[in-house]
Protein chains: 2
Amino acid sequence: MTSMTAVPPHVTHPPVSAAGASPAVPGNSPTFSPLYQQIKALITQSLQSGEWKPGELIPSEVELAARFKVSQGTVRKAIDELSAENLVVRRQGKGTFVATHHEARAQFRFLRLMPDEGEPQPAENRVLDVKRLRAPAEVARLLDLRTGDPVIFIKRVQSFDGIATILDELWLPGALFKGLTTERLVEYKGPMYGLFETEFGTSMIRATERIRAVSADAAAAEALGIAAGTPLLSVERVSYTYGDRPVEVRRGLYLTARHHYENELS
Amino acid sequence: MTSMTAVPPHVTHPPVSAAGASPAVPGNSPTFSPLYQQIKALITQSLQSGEWKPGELIPSEVELAARFKVSQGTVRKAIDELSAENLVVRRQGKGTFVATHHEARAQFRFLRLMPDEGEPQPAENRVLDVKRLRAPAEVARLLDLRTGDPVIFIKRVQSFDGIATILDELWLPGALFKGLTTERLVEYKGPMYGLFETEFGTSMIRATERIRAVSADAAAAEALGIAAGTPLLSVERVSYTYGDRPVEVRRGLYLTARHHYENELS
DNA sequence: AAGTGGTCTAGACCACTTT
DNA sequence: AAGTGGTCTAGACCACTTC
């Protein structure tokens, strides 16, 4: 985002001032970015500001082209990238929609634990604990907060086919999830990220995970109903919303007796 | 790939027979595929056949457009997808190159184990065993062979900073890796996939991994110099070459005391 | 200066969905 | 029939690399 604001730097047909406000020398132009990237940033801003909410239809390519005074092809390329990053979903003949976690399709985007046999089953959740506390140093660092800032802590067990399989501990920035209560969490059906999205206006866009093998300690063994010492997958996740702002730290312990973590490399 | 062979189904300006050989009804046209997908398939064939080898420059977009009698934009879209799938690498001003495993850039594409502290280090390899044997049922199934078909078995340990960290077992189809000897494997510097690529003409394109937590048995403990029962990451990989043909089964045991498996979700 | 990929435009038609 | 995204074309200029 450099030159462009109202009048974008048109190039060919309309022989407007072209490169416009940039400081003459093209080779040295600092932080030049192509038009479609600027359009992409503008659309992302509208997503972030809530102008178009998850699940809603965004304006058509023709409309956006008119609004930004660029060609449809340029808008198209911007939306192509947003679609590749799963921020929006295109549907031929219908339009482009803001991505949402309220879909069967989106359920397994962030949960890579698959059953060794048979189809993925919906998880049964049991919330063990919800409390407010002050961020430990490590959590604060990951969430870009200060040590001691208020955070919400959640502990829960997820079961598949009645077998306790995942023990999760979550930390959320207190400022973003003010009204979050145990009741709300327990009564809510569907994926937790759906609740975060509709109740708190926070959309999880991407995440990074660090995976290790660990031994179940006494507490984990009890929560999952297994022997202490059983090998477990430790999955540390940091989730990000628009603008790469971290908004969730999660540590999961996965029992991989009947399940495995599945990953595609390419 | 349906209608098109010599004369592609041009659409606009040259008012040739358009949809051509397809069976009249457009809505029902069986397995229609867009032009750029057909071009992409043709380019992939040339990659697979070895017309352009890993690391080499492929013809320019203009040349390919002329060869296939389509516009440059159509070739561009085909190459865009091949680039997104890491089959080729574009370099502005230079051209488009066939992807190769002989690059620093490509080293960590298939190895997601990262040090907890500091920068990724190159691995030191120690080959423990190389032998020819008959494919066990499970390996045969994964490699799309028959049980008992000849396979090559490799066992090795990888160390980082002098610390044994990965115990690998590999199975390769014997038919594809005929001349593979212990000596060749030991003396070869650089990534194994580089050797497979240049010596045996087999390029690894993508892979799937299944990850579990396990306890080190006596053999693994000895090979890695750790206590039996230590939790290890079990990583089962199946690698594929062009046309989604499986060409490697690998089972790695990762020590995650000072390293972690890193994954991006989006 | 010439060649390559990268961006941008304008306009056409196709496939799909809804009215 | 009208609107949406999807494909295809043709031509222009830009940024980068090499000669």
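Order of the sequence lines sets the chain letters (A, B, ...), proteins ahead of strands, with each chain counted from 1. Quick note: numbers below take in every heavy atom, side chains included, and nothing from hydrogens, waters or symmetry partners.
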What are the atom names and distances for every N/O pair under 3.5 Å that joins the protein to nucleotides 2-5 of chain D?
from	atom 1	to	atom 2	distance (Å)
dG3(D)	N2	Gly93(A)	O	3.1
dT4(D)	O2	Gly93(A)	N	3.3
dG5(D)	OP1	Thr96(A)	OG1	3.4
dG5(D)	OP2	Glu61(A)	N	3.0
dG5(D)	N2	Gln92(A)	NE2	3.2

* Measure the acute angle between the ring planes of Tyr261(B) and Tyr261(A), then classify it against the limits of 30° and 60° as parallel, tilted or perpendicular. => perpendicular
* Atom-pair distance (CG on Leu35(B); C1' on dA15(C)), nearest Å -> 15 Å
* Asked: For dT7(C), does OP1 or OP2 lie under 4.0 Å from any side-chain N or O of Thr74(A)?
  -> no
* Structure fact -> In whole angstroms, the gap separating C1' of dT9(C) from CD1 of Ile39(A) amounts to 13 Å
* Phosphate OP1/OP2 of dT7(C) contacted by Lys77(A) side-chain N/O (<4.0 Å) -> yes
* To do: For Tyr36(A) and dT9(C), give me the distance from atom OH to atom P, rounded to whole Å.
  => 13 Å
* To do: Specify whether His101(B) and Phe110(B) have parallel, tilted or perpendicular ring planes, treating 30° as the upper limit for parallel and 60° as the lower limit for perpendicular.
  => tilted
* **Test item: side-chain donor near acceptor, Thr100(A) and Glu197(A), under 3.5 Å** => yes
* To do: Would you mind pulling out the nucleotide paired to dT4(C), Watson-Crick or G-U wobble, both distances under 3.5 Å?
  => dA15(D)
* To do: Specify the separation, in whole Å, of atom CD of Glu81(B) and atom C1' of dT7(D).
  => 12 Å
* To do: Please check if atom CD in Glu117(B) has more than 12 non-hydrogen atoms from other residues, nucleotides or ligands closer than 6.0 Å.
  => no
* **Arg245(A), CZ: over 12 other non-hydrogen atoms inside 6.0 angstrom** => no
* Would you please say whether a donor-acceptor pair under 3.5 Å links the side chains of His260(B) and Glu262(B)? => yes
